[in-house]
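See structure below.
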Amino acid sequence: MRIARFSLNDNVRYAFVQTDEYEGKDYLVALDGFPLAAGQVHPTGERYALDAEGVRLLAPIIPSKIFGLAKNYQAHAQYMDEHHLTTATPKPDEMMIFTKPSTAVIGPDDPIVFPSYSNDMNFEPEVAVVIGRIAKNVPVERAMDYVLGYTCTNDVTLRDLQMSDPMWTRAKGFDTACPLGPWIETELDYTDARIGFSLNGEVVPEASGTTAHLIHSIPQQIAAISQFSTLLPGDVILTGTPNATGSLHPGDEAVVSVEGIGQLRNVVVRG
């Protein structure tokens with residue numbers, strides 16, 4: 001099941017995304033409430049094409065907090081080490097966890113703003129996990145019971161600031177640094193989700209990979225984070241980027257793809 005957040009003539013609503021079996025076209029089936037609220041939600045009977053006038057997909061969730069995993073694939077850890085992009089070890093025994101504020105979140109087709117105080121913006125395509133239930137001190141073997149679903153994300157990073165700021169606060173937390181979308185997919189093989197990335201219409205094979213190669217698995221991530229921070233419904237975990245990253249420049253079109261979810265497109269603009 002796919003869950004979307006959208007605006008219709010500036011009125012924010014939620015919907016299930018369904019494919020019309022005759023047309024082969026995706027439609028938004030509007031809901032009468034918020035899917036993560038305590039009560040049940042139901043379809044209203046209204047249906048809108050994704051390209052209908054006045055319809056715009058938004059970030060599927062605005063989390064209370066976002067956690068990310070750094071250097072959580074061996075290939076990416078090696079790349080970062082070989083290019084001297086961080087001072088941490090190539091393959092940390094313990095998770096390297098960082099945060100992004102909710103104000104970093106943007107949705108599909110929203111602009112990524114390249115701030116004036118940086119000269120080196122990088123893309124990092126990833127699978128994001130969306131929490132569905134309050135999670136505290138969750139054991140690994142029960143961690144997936146707390147997941148609502150998954151979405152695409154681009155963990156946009158200001159690499160020059162990352163080198164000068166050991167807390168990575170500005171490097172990963174600036175406004176527009178966390179594109180999410182296009183929707184939440186509740187059914188996904190999270191053990192082998194295939195990630196891809198294209199830049200200006202050209203596939204970047206060096207940025208591709210699969211969650212099968214995660215150093216710390218998604219259940220391990222949820223369990224570890226819930227030991228020190230209570231995860232609330234709608235909170236997001238960025239699970240790590242699988243391989244090499246690269247630069248973004250004003251005017252670039254960045255598209256993250258995850259097989260089984262869809263594509264997340266954003267264009268970079270100069271701030």
Side-chain angles (χ1 to χ4, degrees), residues 1-6 15-19 24-28 49-51 56-61 66 68-69 72-73 75-76 79 100 104-112 121-130 147-157 172 176-214 217-218 221 236-249 251-269:
M1 181 171 63
R2 293 173 290 175
I3 303 169
R5 179 170 165 266
F6 73 104
F16 295 137
V17 184
Q18 295 182 348
T19 303
K25 185 175 179 179
D26 285 334
Y27 283 88
L28 296 167
L50 292 177
D51 58 357
R56 184 168 73 91
L57 282 179
L58 306 173
I61 200 76
I66 304 155
L69 271 287
N72 199 29
Y73 289 82
H76 180 62
Y79 170 84
K100 289 183 182 244
V105 172
I106 57 172
D109 297 318
D110 287 340
I112 299 169
M121 175 184 278
N122 278 205
F123 56 79
E124 293 193 12
E126 306 184 14
V127 173
V129 176
V130 182
V147 173
L148 171 66
Y150 312 85
T151 193
C152 305
T153 187
N154 191 345
D155 175 19
V156 184
T157 303
K172 287 183 175 287
T176 75
C178 191
L180 295 173
W183 38 64
I184 298 168
E185 172 58 67
T186 61
E187 304 294 329
L188 184 74
D189 180 5
Y190 69 88
T191 65
D192 188 18
R194 299 185 177 274
I195 303 164
F197 182 77
S198 68
L199 184 63
N200 300 323
E202 298 291 328
V203 173
V204 183
E206 302 84 14
S208 66
T210 165
T211 55
H213 297 152
L214 282 166
S217 70
I218 290 173
Q221 294 177 44
V236 169
I237 299 174
L238 315 182
T239 58
T241 197
N243 210 320
T245 66
S247 294
L248 291 172
H249 302 94
D252 282 348
E253 179 192 57
V255 179
V256 176
S257 61
V258 178
E259 192 174 301
I261 300 178
Q263 293 188 330
L264 170 65
R265 173 189 176 274
N266 300 94
V267 172
V268 181
V269 301

Exam field: side chain E185 to backbone M1, donor-acceptor pair closer than 3.5 Å: yes

Determine yes or no for a side-chain-to-main-chain donor-acceptor pair under 3.5 angstrom, with T211 supplying the side chain and Y190 the backbone.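 Confirmed, T211 side chain pairs with Y190 backbone.
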
Contact check, side chains of [X] and [Y], non-hydrogen atoms, under 4.5 Å:
{"X": "I106", "Y": "N266", "value": "yes"}
{"X": "D51", "Y": "K25", "value": "yes"}
{"X": "T239", "Y": "L69", "value": "no"}
{"X": "Q221", "Y": "L214", "value": "yes"}
{"X": "M121", "Y": "V156", "value": "yes"}
{"X": "L238", "Y": "K100", "value": "yes"}

If you measure from [atom1] on [X] to [atom2] on [Y], what distance do you get to the nearest 0.5 Å?
{"X": "S247", "Y": "N122", "atom1": "OG", "atom2": "CG", "value": "5.0 Å"}
{"X": "R194", "Y": "S257", "atom1": "CZ", "atom2": "OG", "value": "12.0 Å"}
{"X": "L180", "Y": "E126", "atom1": "CG", "atom2": "CD", "value": "10.5 Å"}
{"X": "N200", "Y": "D252", "atom1": "CG", "atom2": "CG", "value": "4.5 Å"}
{"X": "L28", "Y": "L50", "atom1": "CG", "atom2": "CG", "value": "4.5 Å"}
{"X": "I261", "Y": "I195", "atom1": "CD1", "atom2": "CD1", "value": "8.5 Å"}

Any idea which heavy atoms bring [X] and [Y] closest together, and the distance?
{"X": "A207", "Y": "P125", "result": "O-CG, 3.7 Å"}
{"X": "P108", "Y": "G181", "result": "CG-CA, 4.3 Å"}
{"X": "A59", "Y": "V105", "result": "CB-CG1, 3.6 Å"}
{"X": "G149", "Y": "I184", "result": "CA-CG2, 3.8 Å"}
{"X": "K172", "Y": "A177", "result": "O-CB, 3.5 Å"}
{"X": "I66", "Y": "C178", "result": "CD1-SG, 4.1 Å"}

Which residue, V255, T241, N154, forms the side-chain contact (heavy atoms from CB on, under 4.5 Å) with F197?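 Among V255, T241, N154, the one that satisfies the side-chain contact (heavy atoms from CB on, under 4.5 Å) with F197 is N154.
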
Tested for side-chain contact (heavy atoms from CB on, under 4.5 Å) against W183, the lone hit among I3, D26, L58 is D26

I would like to know whether L199 and H249 meet side chain to side chain contact (heavy atoms under 4.5 Å, CB included); could you show each step before the answer? CA-CA 10 Å; L199 184 63; H249 302 94; over 6 Å; no

Is it true that atom CD of E253 has more than 12 heavy atoms of other residues, nucleotides or ligands lying nearer than 6.0 Å? yes

